[in-house]
2 protein chains.
Amino acid sequence: MVTIRDIARRAGVSITTVSRTLREPAVVRPDKRERVHQAIAEMNYVPNAIAQQLRRPRHETVIVIVPAIDNPFFADIVQNIELVAHERGYRVLIGETQSRQDRLDHYADMVTTRLADGLILLGALLPSQMRDARTAGLPAPLPLVFACERSDSAYGPHVVIDNHGAARTAVAHLIATGCRRIATITGPLDNLLCQDRLAGYRAELAAAGLPQDPALVAEGDFSLGSGRAAMLRLLAGADRPDAVFCASDQMAIGALQAIAAAGLAVPGDIAVVGFDDLPFGAFTVPPLTTIRQPTAAIGATAMRMLDALLHGRDLPERTVVLPHQLVVRASSVAGPPLAPDPPAQPEPPDRQETLA
Amino acid sequence: MVTIRDIARRAGVSITTVSRTLREPAVVRPDKRERVHQAIAEMNYVPNAIAQQLRRPRHETVIVIVPAIDNPFFADIVQNIELVAHERGYRVLIGETQSRQDRLDHYADMVTTRLADGLILLGALLPSQMRDARTAGLPAPLPLVFACERSDSAYGPHVVIDNHGAARTAVAHLIATGCRRIATITGPLDNLLCQDRLAGYRAELAAAGLPQDPALVAEGDFSLGSGRAAMLRLLAGADRPDAVFCASDQMAIGALQAIAAAGLAVPGDIAVVGFDDLPFGAFTVPPLTTIRQPTAAIGATAMRMLDALLHGRDLPERTVVLPHQLVVRASSVAGPPLAPDPPAQPEPPDRQETLA
DNA sequence: ATGAAAGCGCTAACAA
DNA sequence: TTGTTAGCGCTTTCAT
């Protein structure tokens with residue numbers, strides 16, 4: 001391995017000059033600088049980043065944790081995290097956990113052991129060390145921010161949407177189109193966010209004076225297959241629903257297929273509303289009405305928050321709530337959807353400033 | 001920051017003993033070991049991985065490069081890379097490039113600068129340093145393996161499928177079901193893999209004695225939207241196709257929607273075959289006939305190859321070709337698809353042994 | 001079984 | 001502007 005010392009020898013300068021040539025070239029006399037560059041080229045020298053890091057306080061590296069890389073909902077968030085991260089000189093690495101504690105802990109350890117600076121969690125699973133520290137009453141042992149999953153906010157800043165409100169919006173829309181027997185396919189109910197959506201569904205039914213029927217609630221796990229299975233269960237009931245609100249687009253797509261397989265029409269027999277606004281949702285037959293999550297803003301805001309955290313600018317356990325949006329397509333209203341999808345909402349400008 | 005020295009002082013031992021307690025506990029006398037552990041716990045000591053790495057030859061870390069994290073095709077490959085990687089003690093980090101050279105180079109630099117050990121490329125883009133080295137006639141400057149995208153095999157080992165043959169399989173299936181005017185929606189044609197699939201399509205038409213019509217070839221970019229747009233173009237032609245072979249499931253899903261929007265039936269008016277076997281493909285209406293790529297085997301094999309490479313076991317520029325599989329669903333044959341999807345094919349056992 | 005000491009490759013005072 | 005030197009936190013001989 002060729003080291004800085006080899007270059008120094010070859011160029012006939014000190015190792016300091018080599019180091020400076022790489023770091024503050026302006027300070028080095030052009031002829032020496034030239035010789036150093038030449039030696040580097042000739043010997044094919046690449047500085048050892050590990051050794052560099054040993055002397056640096058930070059790495060400008062963040063890790064984004066996704067529970068499952070095959071869930072397309074996270075993709076756009078990640079891409080927007082990257083946008084802001086690169087803008088600010090961070091490198092971003094993605095880690096997939098499959099919702100397993102050991103995997104998450106492994107990535108979290110990279111931060112504690114100084115291989116990376118901070119974490120953005122797209123998922124509610126908490127690093128063990130974080131949990132341990134909090135139960136011991138200690139301060140947060142690592143900088144992290146939660147994006148789009150709720151958890152105890154004592155653990156770190158959150159950026160979320162109003163899941164309760166969004167569910168109400170979706171159900172209100174179904175009621176407005178004339179549906180009266182509205183079912184819901186929930187996500188895993190040990191998940192706070194799913195509980196919120198279910199509660200919103202119930203609240204809106206209650207507000208509209210519609211009866212609650214436990215037979216109209218089916219639990220899924222966010223996946224395509226679980227959506228289909230849940231819909232099949234709902235269809236098997238004695239009194240068929242005339243609409244279904246799904247807590248994810250993936251489950252809604254599964255439901256769409258189950259309904260088609262039963263020979264029923266969407267939205268004629270059953271209207272369907274999803275949640276997330278996945279790209280695929282615009283391409284189902286019929287296209288899917290859904291709640292659009294502000295993925296771009298979620299990602300950008302989360303990264304800004306982490307940046308602030310890493311610079312010691314304290315975000316006092318702050319929770320940012322971003323606006324959602326109902327996107328109406330043909331799965332909930334009859335007739336061809338003539339208007340194109342609404343544009344994504346611009347980010348609230350005040351956030352931009354606060355966290356710039 | 002608490003260092004190994006602090007622990008040594010607190011425990012009344014040398015730093016060597018602390019280090020050994022962590023690395024080879026068996027060699028340390030139990031009482032001292034105990035004192036060290038206690039000091040560690042009391043002072044909340046976490047070894048600095050950067051400093052550790054400085055003295056270690058390897059990191060047991062690999063980076064998987066995906067062109068776009070929102071392309072679900074890569075998800076299963078990545079998950080299987082992780083499976084084998086963890087089994088063998090590697091940590092895996094994912095980097096997204098958006099097909100941009102600078103981003104790829106950034107991740108590749110992590111290997112040259114010794115922050116990671118090797119790269120698995122899910123995409124054909126080549127690290128600049130690799131290209132430079134090869135044009136200069138130098139050996140590969142970093143350990144990498146290509147998974148599922150073809151490129152000049154001089155750059156490193158490949159694991160691929162027979163794209164030409166797979167396209168022929170797909171088209172042969174359409175011909176067998178009675179289609180005669182078969183269109184194709186290709187991926188970006190600067191991509192070798194897409195050229196292979198197009199060539200396979202042409203070869204099979206030729207073999208069947210069917211005429212080639214340039215009006216039946218439309219180029220897309222793998223995305224949902226490009227599939228819809230391409231299908232619209234094909235439908236606008238004077239003589240409508242009775243089938244379309246799409247070079248990705250995403251484009252096939254787009255095509256499905258365009259066909260439905262035109263008021264045509266699948267497969268009655270137009271049969272559709274995709275490529276990849278995305279989970280979503282089983283959930284379209286009708287479910288999508290497709291070519292299943294052996295994603296599990298691709299991921300596992302790629303990781304095994306990289307592992308071999310990192311252990312200096314030379315894979316002499318080797319190319320592994322894995323088998324694909326036609327999955328017939330209702331988008332290409334009338335009548336309900338009664339049989340469930342075929343199980344994924346087991347990996348060819350010889351590979352397992354060769355690379356174990 | 002233990003510890004002293006010599007680095008790993010680099011950066012950053014400090015001196016010149 | 002340049003070079004000398006003292007570490008960064010850790011692992012690993014080599015004595016003891």
Side-chain angles (χ1 to χ4, degrees), chain A residues 1-40 43-61 89 109-117 141, chain B residues 1-40 43-61 109-117 141-142:
Chain A
M1 177 195 292
V2 26
T3 76
I4 197 173
R5 223 167 299 270
D6 301 318
I7 301 302
R9 199 165 310 137
R10 176 102 169 206
V13 298
S14 73
I15 58 171
T16 316
T17 301
V18 177
S19 178
R20 268 198 289 253
T21 303
L22 264 20
R23 227 146 302 293
E24 325 169 72
V27 194
V28 179
R29 223 171 51 208
D31 61 315
K32 294 209 174 186
R33 205 193 305 157
E34 188 37 52
R35 276 176 17 230
V36 169
H37 279 133
Q38 184 148 348
I40 289 178
M43 307 193 69
N44 232 292
Y45 167 69
V46 180
N48 182 324
I50 291 288
Q52 291 180 312
Q53 301 293 25
L54 193 53
R55 304 294 308 222
R56 293 185 181 303
R58 302 243 312 281
H59 303 234
E60 318 299 327
T61 298
D109 286 346
M110 289 184 65
V111 176
T112 1
T113 62
R114 314 202 138 63
L115 291 169
D117 298 321
Chain B
M1 178 196 290
V2 24
T3 78
I4 197 174
R5 223 167 299 269
D6 301 318
I7 302 303
R9 198 165 312 137
R10 177 102 168 205
V13 298
S14 71
I15 58 172
T16 316
T17 300
V18 178
S19 178
R20 268 197 289 255
T21 303
L22 263 21
R23 228 144 302 293
E24 324 169 74
V27 193
V28 178
R29 223 171 50 209
D31 61 315
K32 295 209 172 186
R33 204 193 305 157
E34 188 37 54
R35 271 170 28 225
V36 170
H37 279 133
Q38 183 147 350
I40 289 177
M43 306 192 71
N44 232 291
Y45 167 68
V46 180
N48 181 325
I50 291 287
Q52 291 179 312
Q53 301 293 23
L54 192 54
R55 306 288 304 203
R56 289 185 184 304
R58 302 242 313 280
H59 303 233
E60 317 300 327
T61 299
D109 286 347
M110 288 184 65
V111 176
T112 3
T113 62
R114 314 202 138 63
L115 290 170
D117 298 322
L142 57 102

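We name chains A, B, ... by the order of the sequence lines, and we start the count at 1 in each one. All values below were derived from every heavy atom in this structure, side-chain atoms included, with hydrogens, water molecules and symmetry-related copies excluded.
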Would a 4.5 Å heavy-atom cut-off, applied to side chains only, mark K32(B) and R20(B) as touching? no

Is there a donor-acceptor pair closer than 3.5 Å between any side-chain N or O of S19(B) and the backbone N or O of I15(B)? no

Answer whether the closest heavy-atom distance between the side chains of R35(B) and Q38(B) falls below 4.5 Å. no

Mind checking whether V111(B) and D117(B) have side chains closer than 4.5 Å, heavy atoms only? no

Closest non-hydrogen atoms of V2(A) and N44(A), given as atom of the first, atom of the second and distance, are CG1-O, 4.0 Å

What does nucleotides 2-12 of chain D look like as a protein-contact string, B for base, S for sugar-phosphate only, - for none, at under 4.0 angstrom between heavy atoms? BBBB-BBBBBB

Listed partners of R10(B) passing side chain to side chain contact (heavy atoms under 4.5 Å, CB included), at least two apart: A39(B), E42(B), M43(B)

Taking 5' to 3' order, which nucleotide of DNA chain C is first and which is last to have an atom within less than 4.0 Å of a heavy atom in chain A? dG9(C) to dA13(C)

Which heavy atom in T21(B) sits nearest to a heavy atom in R33(B), and how many Å separate them? CG2-CG, 3.5 Å

